[in-house]
There are 4 protein chains.
Amino acid sequence: MANSKYEYVKGFELPDTLLPNVWIVVRIDGRSFHKFTTKHEYSKPNDDRGLNLMNRCALEVFKEFPDIVIAFGESDEYSFVLKRSCNLFERRASKISSSIVSYFTSQFVFRWKEYFGEYQLKYPPTFDSRAVCYPTNENLRDYLSWRQADTHINNLYNTCYWALVLKDNKTPVEAENELRGTFSDNKNELLFTKFNINYNSLPAVYRKGSVIYRKMVQEESIDSRNNQPIVKSKKRAVVEHIDIISDQFWKENQDILNK
Amino acid sequence: MANSKYEYVKGFELPDTLLPNVWIVVRIDGRSFHKFTTKHEYSKPNDDRGLNLMNRCALEVFKEFPDIVIAFGESDEYSFVLKRSCNLFERRASKISSSIVSYFTSQFVFRWKEYFGEYQLKYPPTFDSRAVCYPTNENLRDYLSWRQADTHINNLYNTCYWALVLKDNKTPVEAENELRGTFSDNKNELLFTKFNINYNSLPAVYRKGSVIYRKMVQEESIDSRNNQPIVKSKKRAVVEHIDIISDQFWKENQDILNK
Amino acid sequence: MANSKYEYVKGFELPDTLLPNVWIVVRIDGRSFHKFTTKHEYSKPNDDRGLNLMNRCALEVFKEFPDIVIAFGESDEYSFVLKRSCNLFERRASKISSSIVSYFTSQFVFRWKEYFGEYQLKYPPTFDSRAVCYPTNENLRDYLSWRQADTHINNLYNTCYWALVLKDNKTPVEAENELRGTFSDNKNELLFTKFNINYNSLPAVYRKGSVIYRKMVQEESIDSRNNQPIVKSKKRAVVEHIDIISDQFWKENQDILNK
Amino acid sequence: MANSKYEYVKGFELPDTLLPNVWIVVRIDGRSFHKFTTKHEYSKPNDDRGLNLMNRCALEVFKEFPDIVIAFGESDEYSFVLKRSCNLFERRASKISSSIVSYFTSQFVFRWKEYFGEYQLKYPPTFDSRAVCYPTNENLRDYLSWRQADTHINNLYNTCYWALVLKDNKTPVEAENELRGTFSDNKNELLFTKFNINYNSLPAVYRKGSVIYRKMVQEESIDSRNNQPIVKSKKRAVVEHIDIISDQFWKENQDILNK
């Protein structure tokens, strides 16, 4: 059974190389996660177990693919930024994008129990992914700002919506109608006056999403020769819930964009 | 925090629509599965638990995406064929390809226990995926023939190699050297004379891989009105280990290519 | 001045290979030809010199690129169909598409004088081009039918419009208004009753556009040994104004699609 | 003859949008220009009529497409750089690339007589084109440096080669052999000692190629009110033969990259 007569079919696989020297963003998104979170009784508007699991999976992806310099996540989506000089899989879009989404999904199921304990995973979830290129640092920062601003907008809305539904016994349609056309100010006011919620004192993970990057941290160990403590500066992957829209983060972490 | 000033970044996501009216093949491949199968002590050259798990995951994918008309798998890879008229995700390559690989991976971890029992999954596996287009039925059949011929070639080689290593105590290098330059005949001969293995009597799943398709089957049920059995013909997704290189399969299942 | 330090920039040129085994259609289109034909005082609704020049350029393109099996043109556009097995420029889309449009344009200016005589070309025209893939013979025939049906629709409209403007002294706006919402029947009727024009007796080149293909023709030559005439069958590139929507043409020229 | 049943074929034309916010370089190249220049008896190693015609065509392209900020040409090729923010044809690669190569070719034939006088164009030339993206200013400058360094390398070689062939009566093979493995120094030395040619005093257009850009120039006109001369600063498209590898040009023309 010679294979050579069929091998021509390899020629139908067309190259999908990404342009060199641009930032590559792989964004993964939960498929039908409205249904998934309902079936798995996620707390609304935010479920800490669910968010922590997402962040853990993203952290594992971050560690597995060293070309990722920063990642940002909210709700059921995560964006992974690969450095300009990335040559992973010769920059083949489908290899990069599919490996990341596959590993993320794999982690999600693998670590479900760590975050949901005895609460069983009822069926396996699906994420999709895509790779998008950003030529300049400004374009990349605007992309990340877009996602973080979106986090804020969605979370403010969801916080109001679920307060109306859960605490005020509104139907979904009534809650939607009450929120239609309102601005941020109105929503903040609503939360404060009606539900005694100060939006800005809610956990940052809800309001700002999650940022993963390598941070210089001080680590203490014991010198085995003399039992004295040694402090070393080390880069560690961390998950933080901080503002990446304004300049401060980028001033303090200039190596991310300069890599 | 207005999002509108950042929304322009959506424009960097370029369309990746696949050509209409061609067969779409999504092939997934295990990443670093040599290491994965070693760490998880897979039997060599074939591990039934591993193959059954792969087939089960593929069957679930097959059922989840009705546009898939046939799938073929061997070792750590699976090819899913979506019909010409498929309009899933408007034929966006990355959406199709990533959703399939994510769901497959998710199933793999989710169902590990069903096939490996108490044997723990040590770390989550990764698969990659790609979408390839085939314009004619002949091209598509040649693609599937290519994969099935590859199954045969690899399995014959691996069967010899592992017989030499496991039964004949050869080192890997010695086994490789002994097999270098041999033809199928030589390998069949080697198996038979040295190890008393009749290659053609090995399980078909090893030699032919696995084919998933919808098959007309007779199903019996009980008529609740009169407690009599009723036989109905129904299309059912089945996993079989049969030849798809020669014409017979295609003659018996003409609707696959004519869909 | 070593060039090696700059050569990395070649890596930014991404491959644009077209899928194998599909029909490749390169369509060229005049850019701003409304202005071009006005400035060059083309007769309306059809200018024989202009149409003949287009056909001549297309014929030269047809002869220059032997992978082209059929071409169809109307007005300021021409479609060139390259055979499925075409490997011109390794099927690189931009090479194929740009070479054809460049050669066509070059011919247009080069041969202007042959068709327009003393009437000077006032400025050089521009055409654009694109390459589109069609997987099946049916898709390709539908493409060509689409263009030929378009020829008919446009020409019937234009014939009416210009009759109203040129013979009935209507303003452009009046002519447009009179034709708005009319069907083919109405237009044929209008031409006949008002202008005594039997649409179907107009030259076929206006109504059906132009088809270029290789046709088996009888050619007579003189045998130098005995001065007797010899008749040989030969394939010759011809330009004809015939129906390619119905089956007859394709039955008589089966080798076009079977190449 | 309804066209609607065929219109689905439009869906096979897949989008080819170029990434936003990157430099777009359209490079055109003469096809078979070795033969073309031989048939048209171009002077060797450089033909002023031919170079001037190329530059004139490029200048016309430069004026026709205002998004072009700089162009560089040598021999039978020209590179046109479109600004990052270019939205010509919605950044569709084939439209941009084909329109430029078509207009360039059209100009070439149209203006042949202006540069070659009574010497007839024997057949129409063809150019091909492609569009390549460069993300950073550095990448773009490196691209232009690559082409200008190439100009130098080719011209030095060709000057030696044709001196050996034309003045020293070497055969092509002998000339090639003599030059094989030589460095720039050797070639400069050869030209000087054997042919009394000081390479650096050859016309800059041969050594550096041609740069087209908009330059601030002083233009004098007469004020019709008082017949006094007025001097105004104006941007004018110019063709110059200057170094664009080192920084000076870019310091003096910062608006090119900052556009």
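In the text below, chain A, chain B and the rest are named by the order of the sequence lines, each starting its count at 1.
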task: Using atom types as modelled and distance alone, determine if a side-chain donor or acceptor of A:S94 lies under 3.5 Å from a backbone N or O of B:R130.
output: no

B:S106 side-chain N/O to A:P125 backbone N/O, donor-acceptor pair under 3.5 Å: yes

Tell me, side chain or backbone of [X] under 4.5 Å from chain B's heavy atoms, or both, or neither?
X      : value
A:Y8   : side chain
A:K113 : neither
A:R27  : side chain
A:F89  : side chain

query: Could you walk me through whether A:K10 and B:W146 pass the side-chain contact (heavy atoms from CB on, under 4.5 Å) check?
result: CA-CA 9 Å; A:K10 281 197 278 188; B:W146 176 50; 3.1 Å; yes

Identify which part of [X] has an atom lying under 4.5 Å from any heavy atom of chain A, answering side chain, backbone, both or neither.
X      : answer
B:R92  : side chain
B:E60  : neither
B:R147 : neither

message: Test side-chain hydrogen bond (donor to acceptor under 3.5 Å, both in side chains) on A:Y6 and B:D150; report intermediate values, then the result.
response: CA-CA 10 Å; A:Y6 304 127; B:D150 189 71; over 6 Å; no

Among the listed options B:V101, B:I100, B:N139, the residue most often paired with chain A at heavy-atom distances under 4.5 Å: B:N139

